[in-house]
A.B. asks: 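Input: one structure, supplied below.
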Amino acid sequence: MGTEKRKLKFQVVTYNVAELTKPDGADLTPILGLEDKPDVISIGLEESGDFDILPDEEHKQDPWCKNFDRLLQGHGYYVIDLTSVFQIKLRVYIKKEHMKAVSHVEAVTAKSGFVGGVSNIFKGAATVRFRLYGKHVAVINCHLTAFHQRTLDRNTEFWQFFADQEFADPECEELYHHDYIIWSGDLNYRVNFDNLETRKMATDGRHLQLLQYDQLMIQQKEGLAFVGFQEGEITFPPSYKFDIGTDIYDSSKKQRIPSWCDRVLFRAKLDRERAAHTVNWDPTLKEQSDSDSVSSEISKSDELVVRPPKLKNQKSKLFKKKVMRKKDHCLRTEEMRRKTLGVLRKMYLTTSAEGAKSAADSNHGKKIELQLGDFNDSEQFQDLLSKIDNETKDVKSGIEVLKYKSYPEIMLSDHKPVAALLSITLPAKQGIKELVMEPQHQPWIKSKSMKLHIRHTGMGKLSPVTCGHWVGLYKSGWVNKASYFTWAYVQKKKKPKGGFDLKAKFGKSTHPKEGEAIEAVYFMSKNSSEPAAVITIKCGYFV
């Protein structure tokens, strides 16, 4: 019998707020999708607040973050973790009923730096990753390079953010190791079509015809970025760029072409054994992987080396610059194909002898041959990707798109918020922490102190006392772990009873008001965003 499964709903939001300091004048509740009762809510913001990386305490004072905390108060969510880089923010909430299933939470950021010879110091990516019911989940929010013509720079940044982020979880040290990757943000890919015609089609109901000119879809098809990622069906008009406070596309002097800049993509890790037989990786590529040695061999191809004729007139310099730009474009394109194949190899190739034998013994069809020439032949490369896609499309990914929409009624910014509601399949019982808390007496009376008895099993070899485990007391409706009104370290009991060998003690002076119900929440460290248990405690004034 197979493992029991559960499906959790993820509401993933991306919103470029155009440096608006606070969300005045608009109700942002609709973008949270509360009517769909999501289990996880991810809020990604771009161009929000200061350029500096904000410490946690400062981050919690951000008006946008405080607003989302307020909107979610009383709905049973808490913050898994939060992070920011420059003006890019990410905040991930989860229903409190799933607390025990969350572990190994990490927040990581990456900066763009110089791309294409131009500084992009205010572009980057913010990532929150965690284990949820034993599966590895990574949520990313990013802001890629602007300007219509800089498509390759956006591709380069994607690969940079994909490769540069490393994690402490020994089971999942790199991004592509994750079972589920959710990637949102202002990706800044534009529409390659006439400006005037695009504006007409975007406003008269013909906007879906523009998708064939969407830069992101073109780059995916050519295998240059976001290969292996999927997206919900786009039915909404371009989300950028509007005159603020209106639904009119950019009427300024710049007249930006309406585009789907704001996107939510996702990738589910396929069954490695099922996919491994599909691709017969060339031995040269196995040895060289996606290292510089492969790149150097590619650069020797005649198709990539463009030699300008020796012209003696003044036009030679201009011609040389044009040729060098073309050569640079060509080399960067091949580099991205190399990265694509390197990642595909890592994702599809089994790592164990048993897995390789299983793949070899399977008879699911003819293997796809991969040769070094696939790097520098665009049609051959796309044909290879199509074959891989066809061979693996029948493998269930575990992610289903329930909704994918924009919110044109929200006019605070020159972008419209975009959100995807995803259904993700997870094991029913794996990864759940075993911890029980019970109050010594209930209700907690004003004139008395309170003891919590704690039974602690399956939480690791280290002592909860030496590791700094603690219990916070919260008023009902709390969202952020920093909003406790008091807390206490976990201590050993001198006389364990009924399996309860730990305790947390709270003095009578910390008692809240009469009749209030509070929540006691167990955390495994001061820096932890992973509640291991939560219980409700009734409070009273008299016995």
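Only this structure's heavy atoms are used, side chains among them; waters, hydrogens and symmetry mates stay out.
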A.B. asks: Do the side chains of Leu32 and Leu71 get nearer than 4.5 Å, heavy atoms only?
C.D. replies: yes
A.B. asks: Between Arg154 and Gln219, do the side chains contain an N or O donor and an N or O acceptor separated by less than 3.5 Å?
C.D. replies: no
A.B. asks: Can you see which heavy atom on Ala419 is nearest to which on Ile31, and at what distance?
C.D. replies: CB-O, 4.3 Å
A.B. asks: Please confirm whether the ring centroid of Trp183 lies under 6.0 Å from the ring centroid of Phe158.
C.D. replies: yes
A.B. asks: For Cys142 versus Glu46, what's the shortest heavy-atom pair and its separation?
C.D. replies: O-CG, 3.9 Å
A.B. asks: Evaluate the criterion side chain to side chain contact (heavy atoms under 4.5 Å, CB included) for residue pair Arg91 and Asp69; output intermediate values, then yes/no.
C.D. replies: CA-CA 10 Å; Arg91 204 169 183 83; Asp69 282 354; 2.8 Å; yes
A.B. asks: Per the salt bridge (charged side-chain N to carboxylate O under 4.0 Å, His left out) rule, what does the pair list look like for residues 28-41, sequence neighbours excluded?
C.D. replies: Asp36-Lys403
A.B. asks: To the nearest 0.5 Å, tell me how far Glu174 CD sits from Asp169 CG.
C.D. replies: 12.5 Å
A.B. asks: Can you tell me how far the NZ atom of Lys9 sits from the OG atom of Ser423, to the nearest 0.5 Å?
C.D. replies: 7.5 Å
A.B. asks: Could you report the tightest heavy-atom contact between Leu82 and Ala107, atom names first, then the distance?
C.D. replies: O-CB, 4.0 Å
A.B. asks: Less than 6.0 Å separating the ring centroids of His98 and Tyr133?
C.D. replies: yes
A.B. asks: Any side-chain donor-acceptor pair under 3.5 Å between Glu19 and Ser48?
C.D. replies: no
A.B. asks: If the condition is ring pair (Phe, Tyr, Trp, His ring centres under 6.0 Å), which residues does Tyr407 pass it with, not counting sequence neighbours?
C.D. replies: none
A.B. asks: Please check this pair: side chain of Glu47 against backbone of Gln87, looking for a donor-acceptor N/O pair closer than 3.5 Å.
C.D. replies: no
A.B. asks: Check whether any side-chain heavy atom of Phe161 lies under 4.5 Å from a side-chain heavy atom of Leu144, and answer yes or no.
C.D. replies: yes
A.B. asks: Considering residues at least two apart in sequence or located in another chain, which fulfil the side chain to side chain contact (heavy atoms under 4.5 Å, CB included) criterion with His75?
C.D. replies: Leu34, Tyr77
A.B. asks: When Tyr93 is tested against each of Asn480, Ile80, Asp81, Val79 for side-chain contact (heavy atoms from CB on, under 4.5 Å), which residue passes?
C.D. replies: Val79
A.B. asks: If I compare all heavy atoms of Cys172 with all of Arg129, which pair ends up nearest, and what's the gap?
C.D. replies: CB-NH2, 3.4 Å
A.B. asks: Is the centre of the Phe167 ring less than 6.0 Å from the centre of the His178 ring?
C.D. replies: yes
A.B. asks: Less than 4.5 Å apart, any side-chain heavy atom of Ile182 and any of Ile140?
C.D. replies: no
A.B. asks: Determine, step by step, whether Thr83 and Val85 satisfy the side chain to side chain contact (heavy atoms under 4.5 Å, CB included) criterion, reporting the C-alpha distance in whole Å, the side-chain angles of both residues, the deciding distance to 0.1 Å, and the verdict.
C.D. replies: CA-CA 7 Å; Thr83 188; Val85 55; over 6 Å; no
A.B. asks: Is a side-chain N or O of Gln160 found less than 3.5 angstrom from the main chain of Lys111, in a donor-acceptor match?
C.D. replies: yes
A.B. asks: Check side chain to side chain donor-acceptor pair (under 3.5 Å) between Tyr240 and all other residues, then give those that pass, not counting sequence neighbours.
C.D. replies: none
A.B. asks: For Thr127 and Gln165, which I'm curious about, is there any donor-acceptor pair between the side chains at under 3.5 Å?
C.D. replies: yes
A.B. asks: Do Ser42 and Gln11 come within less than 4.5 Å of each other through their side chains, counting heavy atoms only?
C.D. replies: no
A.B. asks: What's the separation between atom CZ in Arg150 and atom OG1 in Thr156, rounded to the nearest 0.5 Å?
C.D. replies: 9.5 Å
A.B. asks: Hey, does Ile43 have a side-chain heavy atom less than 4.5 Å from the side chain of Trp64?
C.D. replies: no
A.B. asks: With side chains defined as the heavy atoms from C-beta onward, is the minimum distance between Ile244 and Leu412 less than 4.5 Å?
C.D. replies: no
A.B. asks: Go through Asp214 and Arg190 one step at a time and tell me if the salt bridge (Lys or Arg N to Asp or Glu O under 4.0 Å) criterion holds.
C.D. replies: CA-CA 6 Å; Asp214 176 64; Arg190 309 302 172 91; over 6 Å; no
A.B. asks: Passes side chain to side chain contact (heavy atoms under 4.5 Å, CB included), Leu210 versus Thr198? Steps please.
C.D. replies: CA-CA 7 Å; Leu210 294 169; Thr198 300; 3.7 Å; yes
A.B. asks: Between Asp186 and Tyr15, is there a side-chain heavy-atom distance shorter than 4.5 Å?
C.D. replies: no
A.B. asks: Going by side chain to side chain contact (heavy atoms under 4.5 Å, CB included), name the residues that satisfy it together with Val534, two or more places apart in sequence or in a different chain.
C.D. replies: Met99, Glu519, Val521
A.B. asks: Under a 4.5 Å cut-off applied to non-hydrogen side-chain atoms, are Asn188 and Thr145 in contact?
C.D. replies: no
A.B. asks: Looking at residues at least two apart in the chain, or sitting in another chain, which of them share a ring pair (Phe, Tyr, Trp, His ring centres under 6.0 Å) with His207?
C.D. replies: none
A.B. asks: Which atom pairs, one a donor and one an acceptor, fall under 3.5 Å between side chains of residues 226-238 and the rest of the protein, sequence neighbours left out?
C.D. replies:
{"residue": "Glu231", "atom": "OE1", "partner": "Arg263", "partner atom": "NH2", "Å": "3.1"}
{"residue": "Glu231", "atom": "OE2", "partner": "Arg263", "partner atom": "NE", "Å": "2.7"}
{"residue": "Glu231", "atom": "OE2", "partner": "Tyr404", "partner atom": "OH", "Å": "2.6"}

A.B. asks: Using the side chain to side chain contact (heavy atoms under 4.5 Å, CB included) criterion, which residues pair with Glu166? Sequence neighbours excluded.
C.D. replies: none
A.B. asks: Could I get the full list of side chain to side chain donor-acceptor pair (under 3.5 Å) partners for Ser239, not counting sequence neighbours?
C.D. replies: Asp262
A.B. asks: According to salt bridge (charged side-chain N to carboxylate O under 4.0 Å, His left out), does anything in residues 133-147 pair up with another residue at least two apart or in another chain? List the pairs.
C.D. replies: none
A.B. asks: Sequence neighbours left out, what pairs pass salt bridge (charged side-chain N to carboxylate O under 4.0 Å, His left out) with at least one residue falling in residues 241-252?
C.D. replies: Lys241-Asp414, Asp250-Arg256
A.B. asks: Going through the checks in order, is the side chain to side chain contact (heavy atoms under 4.5 Å, CB included) test met by Ser259 and Tyr189?
C.D. replies: CA-CA 7 Å; Ser259 300; Tyr189 287 97; over 6 Å; no
A.B. asks: Quick one: list whatever passes ring pair (Phe, Tyr, Trp, His ring centres under 6.0 Å) with Tyr213, sequence neighbours left out.
C.D. replies: Phe193
A.B. asks: What pair of heavy atoms forms the shortest contact from Gly185 to Asn141, and how long is it?
C.D. replies: CA-OD1, 3.4 Å
A.B. asks: Assess whether a salt bridge exists between Glu171 and Arg131, defined as any Lys/Arg side-chain N lying under 4.0 Å from an Asp/Glu carboxylate O.
C.D. replies: yes
A.B. asks: Give me the atom names and distance for the closest heavy-atom approach of Lys123 to Glu157.
C.D. replies: CB-OE2, 3.8 Å
A.B. asks: Please check if the side chain of Trp159 supplies one atom and the backbone of Leu224 the other of a donor-acceptor pair under 3.5 Å.
C.D. replies: yes
A.B. asks: Does either side chain, that of Asp179 or that of His136, offer a donor lying less than 3.5 Å from an acceptor on the other one?
C.D. replies: no
A.B. asks: Nearest 0.5 Å please: distance from the OG1 atom of Thr29 over to the CZ atom of Arg70.
C.D. replies: 7.5 Å
A.B. asks: Working to the nearest 0.5 Å, report the span between CD of Gln212 and CD1 of Ile218.
C.D. replies: 9.0 Å
A.B. asks: Test ring pair (Phe, Tyr, Trp, His ring centres under 6.0 Å) on Phe266 and Tyr180; report intermediate values, then the result.
C.D. replies: CA-CA 7 Å; Phe266 56 88; Tyr180 297 111; 9.4 Å; no
A.B. asks: Out of curiosity, Lys416 NZ to Ile410 CD1, how far, rounded to the nearest 0.5 Å?
C.D. replies: 8.5 Å
